Protein chains: 2
Amino acid sequence: MLSIGSLSKRTGVKVPTIRYYEQMGLLKAAERSEGNQRRYERSDLERLAFIRHARDLGLDIPAIRELIRLSEHSQQPCADADRIAAEHLAAVREKIARLRKLEQELDRIVSHCDGGHSIEECYVIRALSDHGLCEGEH
Amino acid sequence: MLSIGSLSKRTGVKVPTIRYYEQMGLLKAAERSEGNQRRYERSDLERLAFIRHARDLGLDIPAIRELIRLSEHSQQPCADADRIAAEHLAAVREKIARLRKLEQELDRIVSHCDGGHSIEECYVIRALSDHGLCEGEH
DNA sequence: CTTGAAGCTCTAGTGACTGTAGGAATTATC
DNA sequence: GATAATTCCTACAGTCACTAGAGCTTCAAG
Ligand SMILES: [Zn+2]
Ligand SMILES: [Zn+2]
Ligand SMILES: [Zn+2]
Ligand SMILES: [Zn+2]
């Protein structure tokens, strides 16, 4: 049986974050010691690692909650799980696309000025004042 | 003189957002009508467009506050403004890099499973349970 | 048996808004 | 000029995934 601190050290998840995951229903409410402190077993450690990995891959908490629910029905088909992952991948790709446009526009703006002008002439300020100088939408 | 609603329609910035920008010190406190309603002039419209465009390009509020401050000293050199833009570009590039790694990993995971398995065998669930199956860090 | 670390609950703060409640002012219609 | 519809006001709660702190209790080592 692990204390919340040892669980934290083993997984790299901070103590308040573990409590937060419990509150959000990702971790089941832990057993308690006589003095009301949380005690964890191996299965909690595995579940926490699952949560942490999913978060590191950018999945949000409702998605993780659903994945955990699905993972408890080992004989069901995995279509829902695959769909969650695929939708997340699509969302990541959209974010990348939006950021790429930003990058292009910012790169163009930044390379038009080298800091050696007055504010009045500065292309950065002028470009921010007038979207008409932009090449695309954002 | 424009009401906050007309200013909102002309700029596409929602009314509560305009009030929020005022609170954050991006827009100066507007003049008021006899009945205490905000009244705007052309210069406010231009400043709001500046703010909105900067936000659309991803700059945060402290950066925009600083850019507005700089833009009021038209004879000063523009090095600070250019630096803010360049730093933001660098931050955008970092975000893209992080998301690209995520995309790669997610793409690999998703393409390993086509929804036609049981949860027990599902590669999505297995990959989330075990970062050892990943190619990179995140 | 003392002491210091680690645990507990509860609350508030992050960033950039968005939405709501309850009331006052303005504008439009008759 | 009365009334109705719209717009405006302030102040506060909620979003997301944590993080930090206050004030108190329990645990483990010496
Ligand atoms: Zn410049
Ligand atoms: Zn633009
Ligand atoms: Zn699958
Ligand atoms: Zn991984």
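In what follows, every chain begins at residue 1, and chains take the letters A, B, ... in the order their sequences are listed. Keep in mind that this is a model prediction, so the values were computed, not measured.
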So the contacted stretch of DNA chain C, first to last nucleotide with an atom under 4.0 Å from a non-hydrogen atom of chain B, runs from C:dA16 to C:dT26
Whole Å only: how far is the CD atom of A:Glu34 from the P atom of D:dT26? 11 Å
Separation of atom CG in B:Leu7 from atom P in D:dC8, rounded to whole Å: 10 Å
Shortest non-hydrogen contact from A:Ile68 toward A:Phe50: CG1-CE2, 4.0 Å
Whether A:Arg38 contacts D:dT26 is assessed here as follows: a side-chain N or O lying under 4.0 Å from the phosphate OP1 or OP2. Is that the case? no
With a 4.0 Å cut-off on heavy atoms, is A:Arg19 in touch with a base, just the backbone sugar-phosphate, or nothing at all? base
Candidate nucleotides D:dC27, D:dA17, D:dC8, ranked by approach to the side chain of B:Ser3 - the nearest: D:dC8
Evaluate side chain to side chain donor-acceptor pair (under 3.5 Å) for A:Gln75 paired with B:Glu120, printing each intermediate quantity in order. CA-CA 7 Å; A:Gln75 297 312 311; B:Glu120 213 169 23; 3.1 Å; yes
Which comes earlier along DNA chain D counting from the 5' end, the contact point of B:Arg32 or that of B:Lys9, where each point is its nearest nucleotide? B:Lys9
Check the distance between D:dC8's P and B:Leu2's CG and give it to me in whole angstrom. 11 Å
Using whole Å, what does the distance between atom P of nucleotide D:dG14 and atom OH of B:Tyr20 come to? 18 Å
Membership question, hydrophobic clusters at under 4.5 Å side-chain separation (ILVMFWY): are A:Leu48 and A:Met24 in the same one? yes
Pick the closest DNA chain C nucleotide for B:Arg39 and for B:Arg55 by heavy atoms, then say which residue is nearer the 5' end. B:Arg55
Distance in angstrom units between A:Leu48 CG and D:dA17 P, rounded: 16 Å
Would you mind reporting whether B:Ser8 and B:Ile18 have side-chain heavy atoms less than 4.5 Å apart? yes
Please work out if B:Arg65 contacts a base, only the sugar-phosphate, or nothing of the nucleic acid, heavy-atom cut-off 4.0 Å. nothing
Pairs flagged by ring-ring contact (aromatic ring centres under 6.0 Å, His included) wherever residues 66-114 of chain A is involved - sequence neighbours left out: A:His112-A:Tyr123
Just to verify, what does A:His131 make a ring-ring contact (aromatic ring centres under 6.0 Å, His included) with, not counting sequence neighbours? A:His138, B:His53
Whether A:Tyr21 contacts D:dC18 is assessed here as follows: a side-chain N or O lying under 4.0 Å from the phosphate OP1 or OP2. Is that the case? yes
Nearest to the side chain of A:Gln37 - D:dT19, D:dT26, D:dT7? D:dT26
A:Ile4 atom CD1 is separated from D:dC27 atom C1', nearest whole Å, by 15 Å
Within a strict 4.5 Å, meaning less than it, do heavy atoms of the A:Leu57 and B:Glu105 side chains meet? yes
